[in-house]
Number of protein chains: 2
Amino acid sequence: MTRSMNIVAAVRASGVSAKMIRHYEERGLIAKARRTAAGYRLYGDADVHALRFIRQARDLGFSTQHIAALLDLWRDRRRPSAKVKALALEHLRDLERKAAELHAMKATLEHPVHGCHGDDRPQCPNLEALAMPVEGGATAQPVRRRGVLRQGTRR
Amino acid sequence: MTRSMNIVAAVRASGVSAKMIRHYEERGLIAKARRTAAGYRLYGDADVHALRFIRQARDLGFSTQHIAALLDLWRDRRRPSAKVKALALEHLRDLERKAAELHAMKATLEHPVHGCHGDDRPQCPNLEALAMPVEGGATAQPVRRRGVLRQGTRR
DNA sequence: GTCGGGGTTGCCACCGTGGGAAGGTCAAGC
DNA sequence: GCTTGACCTTCCCACGGTGGCAACCCCGAC
């Protein structure tokens with residue numbers, strides 16, 4: 001019976017903010033919503049379903065691009081499960097790569113930290129060494145290897 | 001003797017891009033550079049030093065805010081090492097929190113993935129269950145617990 | 001009719017980074 | 001001298017994901 005609901009109802013049913021619902025619509029992740037005469041968006045159960053799907057995927061760290069792909073597969077009755085699995089595996093590898101980077105940062109930071117007295121004296125020898133790394137021949141070559149991870153905006 | 005160099009030389013000596021050097025200057029992380037009559041920025045060894053410091057800190061995942069704080073401490077001859085340590089520990093805890101979130105995502109994703117056949121058949125039961133989570137009484141409460149991690153832009 | 005809670009659009013912000021346009025400058029070579 | 005090419009400057013735009021705010025319309029209850 002797919003009762004129709006307005007955007008706030010869809011927010012409550014899906015856990016996705018109104019802002020993001022509109023955003024996903026604009027980005028083409030979900031279809032343009034039907035509208036009332038006054039222009040209000042209308043949603044049905046299927047839409048809420050899709051929104052929850054999106055929320056779950058986001059919580060798992062999938063990028064919008066990947067979510068779009070997953071949604072396509074999800075809507076396709078005849079999808080080969082291999083494709084779904086491939087996407088998921090790729091994402092898993094991504095998660096692992098990020099975890100490894102985090103781990104490396106942690107390791108690099110941990111040793112100097114433990115060597116730091118943490119008192120009123122200014123010395124914090126290892127941390128300072130850490131601050132000034134390669135240091136030696138001056139003019140380092142344009143290194144350019146970089147990490148990935150950055151802090152997100154979610155709450 | 002602090003020979004002066006232009007921005008490209010500073011880039012080569014520090015490993016920070018010209019774009020980001022200007023950005024850090026604008027953000028107040030580093031002091032406004034001296035300029036030639038023509039308006040070209042001039043850098044000395046101390047500046048390169050600071051830039052390397054920044055690059056290292058970024059590679060360790062510190063946010064610009066934290067880096068600014070670290071720089072202040074670094075420049076303060078009389079800094080109490082306790083403050084440095086506190087910042088570093090806070091960041092370590094942050095890294096650990098992120099790692100835990102990544103780990104949780106990985107765990108949530110791994111089980112369904114292994115249960116997915118990965119062939120031509122459309123079924124991928126666990127993944128679909130994953131897609132549609134709480135599902136049951138409809139209208140879930142406005143959940144609002146969210147992850148953190150998002151992919152960064154670095155290379 | 002008025003009020004409050006919704007709805008709509010659109011723009012701005014964060015963070016870190018890169019890309020590019022439009023224009024000025026400098027040193028080397030003819 | 002003049003050209004060329006490398007380099008500098010500023011300013012704006014983009015990504016991703018999210019929130020905030022402003023200005024305005026709409027609808028139901030009193």
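Reminder, nothing fancy here: chain letters follow the sequence lines and each chain counts from 1. Owing to the predicted nature of the structure, the values given are computational and were not obtained by experimental measurement.
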Spacing between Phe62(A) atom CZ and dG16(D) atom P, to the nearest angstrom = 17 Å
task = Specify the separation, in whole Å, of atom CZ of Arg22(A) and atom C1' of dG17(D).
result = 16 Å
inquiry  = Let me spell it out: for each of His23(B) and Ile7(A), pick the nucleotide of DNA chain C with the closest heavy atom. Which residue's pick is nearer the 5' end?
reply    = Ile7(A)
key: Distance-only side-chain donor-acceptor flag, Ser4(B) / Arg34(B), under 3.5 Å   = yes
task = For each nucleotide in nucleotides 25-30 of chain D, reading 5' to 3', give B when a protein heavy atom comes within less than 4.0 Å of its base, S when such contact involves only the sugar-phosphate, and - otherwise.
result = -BS---
inquiry  = If you compare every side-chain N and O of Ser17(A) against the phosphate oxygens of dG19(D) (OP1, OP2), does one of them come in below 4.0 Å?
reply    = yes
request  = Would you mind reading off the distance between Leu29(B) atom CG and dT17(C) atom P, rounded to a whole angstrom?
outcome  = 11 Å
query = Arg55(A) CZ to dG17(D) C1': how many Å, rounded?
reply = 16 Å
task = Could you list the residues that satisfy side-chain hydrogen bond (donor to acceptor under 3.5 Å, both in side chains) with Glu96(A), not counting sequence neighbours?
result = none
task = Output the single nucleotide from dG16(C), dG17(D), dT9(C) whose closest atom is nearest the side chain of Ser63(B).
result = dG16(C)
key: Side-chain donor/acceptor contact of Lys19(B) with base of dG16(C) under 3.5 Å   = no
task = Starting from C1' on dT18(D), measure out to CD1 on Ile67(A) and report it in whole angstrom.
result = 14 Å
ask   = In whole Å, what is the span from the CD atom of Glu25(A) to the C1' atom of dT18(D)?
value = 18 Å
ask   = Arg41(B) side chain: which of dT9(C), dT9(D), dC7(D) is closest?
value = dT9(D)
inquiry  = Less than 4.0 angstrom between a side-chain N/O of Arg27(B) and OP1 or OP2 of dG16(C), yes or no?
reply    = no
ask   = Are side-chain heavy atoms of Arg58(A) and Ile67(A) found at a separation under 4.5 Å?
value = yes
ask   = Rounded to whole angstrom units, what separation is found between the CE atom of Met5(B) and the P atom of dC7(D)?
value = 16 Å
query = Of Asn6(B) and Gln65(A), whose closest DNA chain D nucleotide lies nearer the 5' terminus?
reply = Asn6(B)
message = Looking at Lys106(A), I'd like to know if its NZ atom is crowded, meaning that more than 12 non-hydrogen atoms belonging to other residues, nucleotides or ligands lie closer than 6.0 Å.
response = yes
query = Which listed nucleotide (dG16(C), dG17(D), dC7(D)) is nearest to the side chain of Val8(B)?
reply = dC7(D)
request  = Name the closest nucleotide to the Met20(A) side chain, picking from dG19(D), dT9(D), dG18(C).
outcome  = dG19(D)
message = With a cut-off of less than 4.0 Å, is there a side-chain N or O of Arg35(B) near OP1 or OP2 of dC8(D)?
response = no
key: From CG (Asp72(A)) to CZ (Arg79(A)), nearest 0.5 Å   = 11.5 Å
inquiry  = Parallel, tilted or perpendicular: which one describes the rings of Phe62(A) and His91(A), with boundaries at 30° and 60°?
reply    = parallel
inquiry  = Test your reading of the model: is there a side-chain donor-acceptor pair from Arg52(B) to the backbone of Ala13(B), 3.5 Å cut-off?
reply    = yes
request  = Return the value, rounded to whole Å, for the distance between atom CD1 of Ile21(B) and atom P of dT10(D).
outcome  = 13 Å
ask   = Taking OP1 and OP2 of dT17(C), is either one under 4.0 Å from a side-chain nitrogen or oxygen of Tyr24(B)?
value = yes
ask   = Do Arg22(B) and Glu26(B) sit within salt-bridge range, that is, some charged N less than 4.0 Å from a carboxylate O?
value = no
